[in-house]
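Everything on this sheet refers to the single structure shown next.
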Amino acid sequence: QAQLVESGGGSVQNGGSLRLSCEYFDDELNERCMAWFRQAPGRKREGVIGNEGDHTSKYANFVKGRFTVSRDTTKRTLYLQMNRLTPEDTGMYYCAAKRGVRCPDPNYAEKSDYGLWGQGTQVTVSS
């Protein structure tokens, strides 16, 4: 079943942490590129992290060591651990998957690069 379900969003203060989860239901995704994107109001959807089929990862420049991605294939879940959050991190966070093992560089990834999307989970960081 081709479906992605995000959870874990919420409201935190500046400097806080959140862990997002993206559950999937197709074992085929265990070895495919999966990614996290985000979109702030009035802004273009941007790549955050790409987790490749061999589970190596690519990070957007703005992450700067604050975010970490991991994947638990036994639970069919992709995680995004976000630390040292700032108000600039506020937005809707989306999980995505695409065919193939390799992920585009998240600094240049486009929405059209990915064929499967979740519904998103809201992250709000207050100052």
Side-chain angles (χ1 to χ4, degrees):
Q1 179 179 357
Q3 185 179 6
L4 303 175
V5 180
E6 302 97 332
S7 62
S11 296
V12 296
Q13 292 190 326
N14 189 27
S17 297
L18 282 173
R19 189 175 82 155
L20 308 184
S21 299
C22 171
E23 186 177 9
Y24 54 93
F25 304 91
D26 184 350
D27 284 337
E28 182 180 341
L29 295 184
N30 283 337
E31 298 180 357
R32 288 171 55 181
C33 161
M34 296 188 69
W36 286 99
F37 280 71
R38 70 183 188 183
Q39 188 166 15
R43 298 189 63 178
K44 181 181 176 182
R45 190 170 300 189
E46 62 180 356
V48 178
I49 286 177
N51 184 245
E52 302 194 315
D54 60 1
H55 305 173
T56 57
S57 299
K58 300 176 179 177
Y59 296 84
N61 293 337
F62 64 78
V63 168
K64 296 180 181 179
R66 300 181 298 132
F67 298 177
T68 303
V69 66
S70 60
R71 191 185 316 203
D72 186 334
T73 57
T74 64
K75 296 182 179 179
R76 299 193 196 97
T77 302
L78 183 74
Y79 299 99
L80 180 64
Q81 176 67 44
M82 304 187 294
N83 300 322
R84 305 200 311 272
L85 286 162
T86 73
E88 288 69 37
D89 295 314
T90 293
M92 188 71 78
Y93 282 68
Y94 297 91
C95 178
K98 66 182 295 293
R99 294 186 182 277
V101 172
R102 297 301 167 204
C103 294
D105 183 333
N107 293 295
Y108 306 103
E110 300 284 343
K111 183 179 177 182
S112 59
D113 291 332
Y114 290 80
L116 183 63
W117 291 87
Q119 82 289 349
T121 186
Q122 178 68 36
V123 171
T124 302
V125 185
S126 58
S127 58

Using 0.5 Å steps for rounding, measure from the OH atom of Tyr24 to the CZ atom of Arg76. 8.0 Å
From Met82 atom CE to Trp36 atom CH2, the distance as rounded to the nearest 0.5 Å: 8.0 Å
For Tyr94, does the six-membered ring have the charged nitrogen or CZ of Arg38 within the cation-pi criterion, i.e. under 6.0 angstrom from the centroid and within 45° of the normal? no
Would you compute the distance between atom CZ of Phe67 and atom OG of Ser17 and round it to the nearest 0.5 angstrom? 9.5 Å
Compare every heavy atom of Leu116 with every heavy atom of Gln3, then report the nearest pair and how far apart it is. N-CD2, 4.2 Å
Inter-residue atom distance Met34.CE - Cys22.SG, 0.5 Å rounding: 4.0 Å
Side-chain donor/acceptor of Arg32 to backbone N/O of Ala97, under 3.5 Å: no
Between Thr124 (side chain only) and Ser11 (backbone N and O only), is there a donor and an acceptor less than 3.5 Å apart? no
Side-chain H-bond candidate by donor/acceptor type, Glu110 with Ser112, under 3.5 Å: no
Given 3.5 Å as the limit, does a donor-acceptor pair link the side chain of Thr90 with the main chain of Val125, or not? yes
Should Thr73 and Glu31 count as side-chain neighbours, where that means a heavy-atom distance under 4.5 Å? no
Do Val48 and Val69 make a side-chain contact, defined as non-hydrogen atoms from C-beta onward lying under 4.5 Å apart? no
Where Leu78 and Cys95 come nearest, the two heavy atoms and their spacing: CD2-SG, 4.1 Å
Option passing side chain to side chain contact (heavy atoms under 4.5 Å, CB included) with Leu18 (candidates Leu85, Asn83, Leu80): Leu85
Within the side chain of Glu6, is there an N or O that forms a donor-acceptor pair under 3.5 Å with the backbone of Gln119? yes
Could you tell me which residues satisfy ring-ring contact (aromatic ring centres under 6.0 Å, His included) with Phe37, sequence neighbours excluded, listed by chain and number? Tyr114, Trp117
So is Arg19 actually on top of Tyr79's ring, under 6.0 Å and inside 45° of the axis? yes
Tell me, yes or no, whether the heavy-atom count around Gln122 atom CD, taken from other residues, nucleotides or ligands under 6.0 Å, exceeds 12. yes
Hey, does Ser7 have a side-chain heavy atom less than 4.5 Å from the side chain of Glu23? no
Between Tyr59 and Asn107, does any side-chain donor sit less than 3.5 Å from a side-chain acceptor? no
Going by atom types only, do Glu28 and Asn30 share a side-chain donor-acceptor pair under 3.5 Å? no
If you take all heavy atoms of Gly47 and Ala60, which pair is closest and at what distance? O-CB, 3.5 Å
Any side-chain heavy atom of Phe62 sitting closer than 4.5 Å to one from Glu88? no
Which pair of heavy atoms, one from Val101 and one from Asp54, lies closest together, and at what distance? CG1-N, 4.0 Å
Arg66 bridged to Asp89 by N-O distance under 4.0 Å: yes
Hydrophobic cluster membership, with links at side-chain heavy-atom distances under 4.5 Å among I/L/V/M/F/W/Y: are Val63 and Met92 in one? no
Side chains of Thr77 and Asp72: donor-acceptor distance under 3.5 Å anywhere? no
For Glu52, which of Arg71, Lys98, Arg102 qualifies under salt bridge (charged side-chain N to carboxylate O under 4.0 Å, His left out)? Arg102
Checking the side chain of Lys58 only, and the main-chain atoms of Cys103 only, is there a donor and an acceptor separated by less than 3.5 Å? yes
Check: Ser127/Asn14 side-chain N/O donor and acceptor closer than 3.5 Å: no
Would a distance-only check, ignoring hydrogens and angles, find a side-chain to backbone donor-acceptor pair under 3.5 Å from Arg43 to Ala40? no
Is any side-chain heavy atom of Gln39 closer than 4.5 Å to one of Tyr93? no
